[in-house]
Amino acid sequence: MPLKQRQRSRLTTEVAPLFPRQKMRILITTGIFPPDIGGPATYVPQIACALTERGHQVCVVTLSDNLKHDDRRYPFCVVRLPRRQPKPWRQLRTIATFLRLGQDADVLFVNGLALEAVAANFLLRKPLVMKVVGDLAWERATTKGWTSDDFETFQQKRYGFRVEVLKSLRAWWTRRADRVIVPSRYLARWVAGWGVPEDKMVVIYNAVEPVDGVEPLPVPLKTPIKAVTVGRLVPWKRVDGLLAVLKEVPDLGLVVVGDGPERSRLERLARDLGVSERVYFAGQRSKGETLGLIAACDLFVLNSAYEGLPHVVLEAMALGLPVVATAVGGTPEVVRDGETGVLVDAENGCLASVLQALARDVGRRTRLGQNAKRWASKRFDVVAMLDETERVLKEARSLS
């Protein structure tokens with residue numbers, strides 16, 4: 001097939017499974033991909049580009065709200081499947097795509113769509129590496145209102161039939177992987193509780209690419225100090241708590257980057273609290289715009305009840321912003337309390353006093369931000385992350 005024709009075919013679901021035989025032929029699956037935002041949407045293009053540069057042949061299959069993206073800028077094949085269709089049909093179509101494209105792959109690298117990938121692999125019989133960045137069962141149960149328990153309680157408690165089915169299902173598909181990559185030691189402990197053998201699990205920290213030269217974007221807030229938070233607007237991100245804090249810190253404005261099911265409620269809450277003029281709901285943005293909005297602010301804040309390992313915190317640190325975050329999940333493995341940012345207890349209500357103190361102390365903000373930038377570039381190195389990920393993929397391939 002001519003090159004130009006192959007490039008055009010990336011924009012459709014009718015992509016022929018052509019993998020030139022180089023070092024490894026890797027099929028990467030993900031539920032989100034640019035212009036979506038979020039950890040996997042940042043990680044997948046990063047790792048796919050790097051693996052391609054090392055001579056591997058990569059094809060990414062993703063769900064997408066819009067199939068008409070020009071993906072020719074990527075040095076790898078991108079196959080987009082429509083996200084907005086009835087779920088059973090979407091799942092069947094996804095499995096069929098994995099079966100077709102996976103035939104010529106040496107290894108499957110699952111970053112999302114795990115159930116569909118594992119189902120397809122019953123026929124493909126390919127080595128399968130899975131990256132687990134959270135608990136989809138807990139996220140689904142929380143979003144549906146089936147539980148209000150925190151992440152750790154959810155792991156240890158018994159629930160009704162539908163929740164237990166979700167928990168069993170995510171444990172089952174994770175155990176089907178030949179290798180499981182997790183981004184933090186914290187998450188590794190809980191994934192082991194799903195029955196994943198220790199010798200299958202590998203902790204590989206996410207990495208952050210250099211972000212020098214990012215131009216700050218205009219932010220329509222008049223407050224002298226601006227904080228930014230980024231993420232999907234779901235209950236466990238607890239953006240409502242940040243809105244409440246604004247009442248206690250009058251000099252602080254908040255930029256909220258992201259979208260999700262909580263947005264309408266949060267906008268109403270900002271009006272009810274009388275802080276809507278100090279909040280900018282920026283909505284979902286591209287990666288470049290998100291970095292520009294972060295760069296326009298004075299500090300980054302994350303009020304989550306749970307994080308596997310927050311990649312956006314690494315990006316904020318790389319941009320030189322001090323980070324204020326709840327000490328939950330893998331976040332303490334990223335933020336060094338008192339050195340690169342401030343960790344706060346998720347339950348003791350001290351967030352307002354910490355933000356108020358930082359808003360008044362420009363010297364401390366500058367020092368923490370400078371330390372954060374140095375720490376991010378030193379500890380979360382892209383080359384080290386890639387070396388380890390490539391090693392795991394090759395190790396899995398050798399099992400076939």
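Every value quoted in this text rests on a predicted model; they were computed, and no experiment measured them.
- In this structure, the separation between CG on Leu63 and CZ on Arg93 is 10.5 Å, given to the nearest 0.5 Å.
- Listed here is the closest heavy atom pair of Pro261 and Arg232: CD-NH2, 3.8 Å.
- Using a 4.5 Å heavy-atom cutoff, the side chains of Ile225 and Arg365 are in contact.
- There is no path of hydrophobic side-chain contacts, each under 4.5 Å, that joins Val219 to Val279.
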Residues Glu152, Arg189; criterion salt bridge (charged side-chain N to carboxylate O under 4.0 Å, His left out); working and verdict: CA-CA 11 Å; Glu152 296 184 8; Arg189 292 196 297 271; over 6 Å; no
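- Between the Asp251 side chain and the Pro224 main chain, no donor and acceptor come within less than 3.5 Å of each other.
- By the 4.5 Å heavy-atom criterion applied to side chains, Trp190 and Gln156 are counted as neighbours.
- Looking only at side-chain heavy atoms (C-beta outward), Glu262 and Val239 stay at 4.5 Å or farther from each other.
- Here the closest heavy-atom approach between residue Pro183 and residue Leu187 is recorded as CD-CD2, 3.8 Å.
- For the side-chain contact (heavy atoms from CB on, under 4.5 Å) test, residues two or more places apart in sequence or in another chain that qualify with Arg364 are Val342, Leu358, Asp361, Arg367, Leu368.
- Leu252 and Ile294 end up in different hydrophobic clusters when Ile, Leu, Val, Met, Phe, Trp and Tyr side chains are linked at under 4.5 Å.
- Summarising the geometry, atom CG belonging to Asp381 is positioned 11.0 Å from atom CD belonging to Glu209; distances are rounded to the nearest 0.5 Å.
- With contacts defined as side-chain heavy-atom distances shorter than 4.5 Å, the pair Arg179/Leu399 qualifies.
- Inter-residue side-chain proximity for Ile181 and Val392 is flagged as met; some heavy-atom pair is nearer than 4.5 Å.
- Checking side-chain atoms of Arg285 against main-chain N and O of Thr290 turns up no donor-acceptor pair under 3.5 Å.
- No side-chain donor-acceptor contact under 3.5 Å links Thr30 to the backbone of Thr62.
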Stepwise side-chain contact (heavy atoms from CB on, under 4.5 Å) test for Phe109 and Val58: CA-CA 10 Å; Phe109 188 16; Val58 176; over 6 Å; no
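- Hydrophobic clustering (side-chain heavy atoms under 4.5 Å, transitive across Ile, Leu, Val, Met, Phe, Trp, Tyr) groups Leu302 together with Val208.
- The aromatic rings of Trp138 and Trp236 are tilted relative to each other, their planes meeting at an angle between 30° and 60°.
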Chi angles and distances behind the salt bridge (charged side-chain N to carboxylate O under 4.0 Å, His left out) call for Glu267, Arg263: CA-CA 6 Å; Glu267 289 176 334; Arg263 179 165 179 172; 3.0 Å; yes
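- Taking CG of Asp149 as the start and NZ of Lys157 as the end, the distance is 4.0 Å to the nearest 0.5 Å.
- If you look at Tyr306 and Phe154, their ring centroids are not closer than 6.0 Å.
- A distance of 11.0 Å separates CD1 of Ile95 from CZ of Arg90, quoted to the nearest 0.5 Å.
- Annotation for Cys350 and Asp345: closest pair SG-N, 4.3 Å, computed over non-hydrogen atoms.
- Annotation for Ala396 and Pro127: closest pair O-CB, 3.3 Å, computed over non-hydrogen atoms.
- Side-chain contact between Leu169 and Leu136 is absent, with no heavy atoms from C-beta onward closer than 4.5 Å.
- Val257 and Val275 are members of different hydrophobic clusters when ILVMFWY side chains are connected at heavy-atom separations under 4.5 Å.
- The two residues Tyr205 and Leu309 come nearest to each other via the heavy atoms CD2-CD1, 3.4 Å.
- Tyr159 does not carry Lys167 over the face of its six-membered ring by the limits of under 6.0 Å from the centre and within 45° of the normal.
- Here the side chain of Ser64 pairs no donor or acceptor atom with the backbone of Pro82 at under 3.5 angstrom.
- More than 12 heavy atoms of other residues, nucleotides or ligands sit less than 6.0 Å from atom CD of Glu164.
- Tracing side-chain contacts under 4.5 Å through hydrophobic residues (I, L, V, M, F, W, Y), one never reaches Leu27 starting from Leu92; they form parts of separate clusters.
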Got a list of side-chain donor-acceptor pairs under 3.5 Å for residues 317-331, not counting sequence neighbours?
residue	atom	partner	partner atom	Å
Thr326	OG1	Ser304	N	3.4
Thr326	OG1	Ser304	O	2.6
Thr331	OG1	Val328	O	3.2

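- The main-chain N or O of Lys226 is never found under 3.5 Å from a side-chain atom of Thr223 such that the two would form a donor-acceptor pair.
- With hydrogens and angles disregarded, no donor-acceptor distance shorter than 3.5 Å links the side chain of His56 to the backbone of Lys23.
- Although no hydrogens or angles enter the test, the distance criterion places a donor-acceptor pair under 3.5 Å between the side chain of Lys200 and the main chain of Arg175.
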Worked verdict on Arg265 versus Asp240 for salt bridge (charged side-chain N to carboxylate O under 4.0 Å, His left out): CA-CA 9 Å; Arg265 185 182 75 84; Asp240 51 359; 3.1 Å; yes
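- Between the Lys126 side chain and the Gln103 main chain, a donor and an acceptor come within less than 3.5 Å of each other.
- Judged purely by atom type and a 3.5 angstrom limit, Arg140 has no side-chain atom pairing as donor or acceptor with the backbone of Leu166.
- Tyr186 and Glu333 are not linked by any side-chain donor-acceptor pair at a separation below 3.5 angstrom, with hydrogens and angles left out of the test.
- Interatomic distance, Leu51 CG to Leu386 CG, rounded to the nearest 0.5 Å: 5.5 Å.
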Salt bridge (charged side-chain N to carboxylate O under 4.0 Å, His left out) between Arg54 and Asp387, intermediate numbers included: CA-CA 10 Å; Arg54 292 193 173 194; Asp387 287 345; 2.6 Å; yes
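- Heavy atoms from other residues, nucleotides or ligands lying under 6.0 Å from CD of Glu198 number 12 at most.
- A heavy-atom distance below 4.5 Å is not found between the side chains of Arg176 and Leu128.
- Closest of all the heavy-atom pairs between Ala120 and Leu99 is O-CD2, 3.3 Å.
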Derivation of the side-chain contact (heavy atoms from CB on, under 4.5 Å) call for Lys287 and Glu315: CA-CA 11 Å; Lys287 174 70 176 297; Glu315 293 174 329; 2.7 Å; yes
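- Between Lys373 and Gln370 the shortest side-chain heavy-atom distance does not fall below 4.5 Å.
- Distance SG/Cys49 to OH/Tyr74: 7.5 Å, rounded to 0.5 Å.
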Criterion side-chain contact (heavy atoms from CB on, under 4.5 Å) on Arg336 and Trp375, from CA distance to verdict: CA-CA 9 Å; Arg336 304 177 77 173; Trp375 169 244; 3.2 Å; yes
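- Side-chain atoms of Arg238 never come within 3.5 Å of backbone atoms of Pro235 as a donor-acceptor pair (strictly under, hydrogens ignored).
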side-chain contact (heavy atoms from CB on, under 4.5 Å) evaluation trace for Lys394 with Met24: CA-CA 8 Å; Lys394 288 181 175 180; Met24 278 191 295; 3.6 Å; yes
